[in-house]
Amino acid sequence: MAHSPDRRNAARHIIVATAAALLASFPAAQAKDAAGATDKLKKPVSVASTVPSNTPKLVEAGDGSDGVNREEDERAFLGGAGWVCPVPGSTFRNDWGNPRSGGRKHEGTDLFAAMGSPVVAPVGGTVKKYEGGNAGLAFYLLGSDGVEYFGAHLSALTKTGSVRAGEVIAAVGDSGNAKGGVPHVHFEIHPSKKTKSNPFQTLAKQCEGQATIK
């Protein structure tokens, strides 16, 4: 069926108007999408932490080799007023925790000095003789400060019983399992009968100017 010119013109006007409306809507839609994307960027994004909050802190044996252990060593017993360097003229370093034969770990500080060098009581107290095993000739000093001290590998023990701080009680040697090695005194500090404290900080403080500290 044929259409009149007027009806064809009306149809064309409708098509053109619809197309124009569609074209006009595109920029608005794009602007809306862009605004939405901007809003998303402004919102904080929650990201799960990759580090567990309950991770335990690794603490190794206190040999002074890292910051944690040095802090622990500094809290160790440091000796009180009148505490005396047990081997004046000795040389020592922080060798606490170093490996020893039989899977043992070093539980003291080795004070190296010439054979026969004097060993003095760091505090007043009571000296008892001990001899045998790895220690060789040794002493226990039950200090008047409530602390027990132990010295091993002696060449001689010259005083037992009641002693004063600074009194000569023994001589540096190489007895026990130190036989044939460099003469020294293996020195320990026992704050209680069941505990041992790294002696290094105590000795470094009390032997300053009297010994070589490495």
Tell me whether V185 shares a hydrophobic cluster with I213, the cluster being built from Ile, Leu, Val, Met, Phe, Trp, Tyr side chains joined at under 4.5 Å. yes
Go through N198 and T109 one step at a time and tell me if the side chain to side chain contact (heavy atoms under 4.5 Å, CB included) criterion holds. CA-CA 8 Å; N198 185 353; T109 295; 4.2 Å; yes
Quick one: CG on D174 to CG on L137, what's the gap to the nearest 0.5 Å? 11.0 Å
Heavy-atom check, side chain of V87 versus side chain of V172, under 4.5 Å: yes
Count I, L, V, M, F, W, Y as connected when their side-chain heavy atoms are under 4.5 Å apart, and connections chain through other members. Are L157 and V123 then in the same cluster? yes
Heavy-atom distance under 4.5 Å between the side chains of V119 and F139, does that happen here? yes
State, yes or no, whether a side-chain contact exists between N177 and H186 at a heavy-atom distance under 4.5 Å. no
Would V147 and F200 show up in the same hydrophobic cluster when neighbours are defined by side-chain heavy atoms closer than 4.5 Å? yes
Return the minimal non-hydrogen interatomic distance between G116 and A171, and the atom names on each side. O-CB, 3.8 Å
So which atom in G166 and which in V84 form the shortest heavy-atom distance, rounded to 0.1 Å? N-CG2, 3.9 Å
Less than 4.5 Å apart, side chain to side chain, heavy atoms only: is that true for P88 and P118? no
Give a yes or no on whether the backbone of D95 and the side-chain of H106 come within a donor-acceptor separation of less than 3.5 Å. yes
Side chain to side chain contact (heavy atoms under 4.5 Å, CB included), that's the test. Do K214 and T91 meet it? Break it down for me. CA-CA 7 Å; K214 292 187 174 181; T91 298; 3.7 Å; yes
I need the W96 CH2 to K196 NZ distance, nearest 0.5 Å. 7.0 Å
For Q206 versus G80, what's the shortest heavy-atom pair and its separation? NE2-O, 4.0 Å
Minimum heavy-atom distance between L141 and A121, given as atom pair plus value: CD2-CB, 4.1 Å
If only atom types and distance count, is the side chain of S144 paired as donor or acceptor with the main-chain N or O of G124 below 3.5 Å? yes
Applying side chain to side chain contact (heavy atoms under 4.5 Å, CB included) to V127 and Y140, what does each step give before you reach the verdict? CA-CA 6 Å; V127 172; Y140 280 98; over 6 Å; no
Side-chain contact, heavy-atom cut-off 4.5 Å: D110 with F187? no
What heavy-atom pair brings E167 and V163 nearest, and what distance separates the two atoms? OE1-CA, 3.5 Å
Indicate yes or no for a side-chain donor-acceptor contact from H153 to the backbone of S175 under 3.5 Å, with no hydrogens or angles considered. yes
Could you tell me whether a side-chain N or O of T158 sits under 3.5 Å from a main-chain N or O of I169, the two making a donor and an acceptor? yes
What I'd like to find out is whether the side chain of F92 reaches to under 4.5 Å of the side chain of P199, using heavy atoms alone. no
Side-chain (H184) to main-chain (V182) donor-acceptor, under 3.5 angstrom: yes
Let me confirm one number: the CD-NZ distance from E148 to K128, rounded to the nearest 0.5 Å. 9.0 Å
Going from SG on C207 to CH2 on W83, what distance comes out if it is rounded to the nearest 0.5 angstrom? 6.0 Å
Should F150 and L203 be counted in the same cluster of Ile, Leu, Val, Met, Phe, Trp and Tyr side chains packed under 4.5 Å apart? no
Return the CD to OG distance between Q210 and S90, rounded to the nearest 0.5 Å. 9.0 Å
Quick one, P86 and L111 - any side-chain contact, counting heavy atoms below 4.5 Å? yes
